[in-house]
Amino acid sequence: MKKEQISFSYEVLNAIELLPEADQELLKKAREVTQLAYAPYSRFFVGAAAILQNGKIITGTNQENASSPVGLCAERVLLSAAASLYAGIPIQTIAISYFNKKNGKSEHPAAPCGICRQTLLEYELRQQQPIRLVLAGMEGKVFVINDVKSLLPLYFSGADMR
Ligand code: THU
C-alpha cells in the first residue's frame, strides 16, 4: 500500500495593513459591499470583490430566497457577474468578507463553502491561471490563499470526463 498526502500552505496576516495596497483596497471593497447583501433569513451578510486582469473591480453579495436552496452565495454571484460583464478576462484576486448580523461577530476569516469552491475551480481551470483568495472578517486575521485548487484536494473537473 502506498500513502499519499496532500497539504497546502497559506499566509496568515495579523492585520489588513500587512497586505499589499491593492489587496487592502479589494478587501475594503468586499467589507463595504456586505451591506448590499440580501440576507434576511440568515442575517449573514457576505461580500466579495474581485480584481480582473484589465484592472476592473467587480463585486457580489449573497442573495437569499424564501426557498433556501435557491439562494446564492456572494462568490457565485460575483463569478457570474465577472463572466457576464468581462467574458474572457481572467480574475486575479477575490477578497471575501462577511458580517454576522445575528451576533455582531466578524473577527475571523470565513472560507468559501463547498459549492463555491467547485464553482471557483471551474473558473480557475477555464482561465488557466490561479485565482488568489483574500479572506477576512471585518477585523482580525487575514488569510491569503494562492489558488482555488488548494481548497479542493482531489477535485473533480471536466478532465475526469474525457
Ligand atoms: N454564504 C456565502 O455567501 N458564501 C459562502 O461561502 C458561505 C455562505 C452565504 C449563503 C447564505 O446566504 C449565508 O451566507 C448563510 O449561509
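Side chains are part of it too, since the values below use all heavy atoms of this structure and drop only hydrogens, waters and symmetry mates. Counting convention: from 1, in listed order, for ligands and their atoms alike. On a predicted model such as this, the values are computed, not experimentally measured, just so you know.
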At a 4.0 Å threshold, what atoms of ligand 1 neighbour a non-hydrogen atom of [X]?
X: E64; value: 11 (C), 12 (O), 13 (C)
X: P112; value: 6 (O)
X: C113; value: 6 (O)

Between N62 and R76, is there a side-chain heavy-atom distance shorter than 4.5 Å? no
Working to the nearest 0.5 Å, report the span between OG1 of T93 and CG of D23.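 Reported to 0.5 Å precision, the distance equals 5.5 Å.
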Can L121 be reached from I91 by stepping across I, L, V, M, F, W or Y side chains whose heavy atoms are under 4.5 Å apart?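 Yes, one cluster joins them.
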When clusters are formed by joining ILVMFWY residues with side-chain heavy atoms under 4.5 Å apart, either directly or through shared neighbours, do Y155 and I131 land in the same one? yes
Among protein heavy atoms, which lies nearest [atom], and at what distance?
atom: atom 8 (C) of ligand 1; answer: C73 SG, 3.9 Å
atom: atom 9 (C) of ligand 1; answer: N62 ND2, 3.5 Å
atom: atom 6 (O) of ligand 1; answer: E75 OE2, 2.8 Å
atom: atom 3 (O) of ligand 1; answer: A74 N, 2.9 Å

Quick one: does atom 16 (O) of ligand 1 have a protein heavy atom under 4.0 Å from it? no
Suppose we screen for salt bridge (Lys or Arg N to Asp or Glu O under 4.0 Å). Which residues come up paired with K2, at least two apart in sequence or across chains?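 Applying salt bridge (Lys or Arg N to Asp or Glu O under 4.0 Å) to K2 gives E4.
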Under 3.5 Å, is there a donor-acceptor pair between the E139 and S106 side chains? no
Quick one: does ligand 1 sit under 4.0 Å from the side chain of S42, the backbone, both or neither, non-hydrogen atoms only? side chain
Could you tell me if K101 sits above the aromatic ring of F45, with its cationic atom closer than 6.0 Å to the ring centre and no more than 45 degrees from the axis?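 Yes, a cation-pi geometry holds between K101 and F45.
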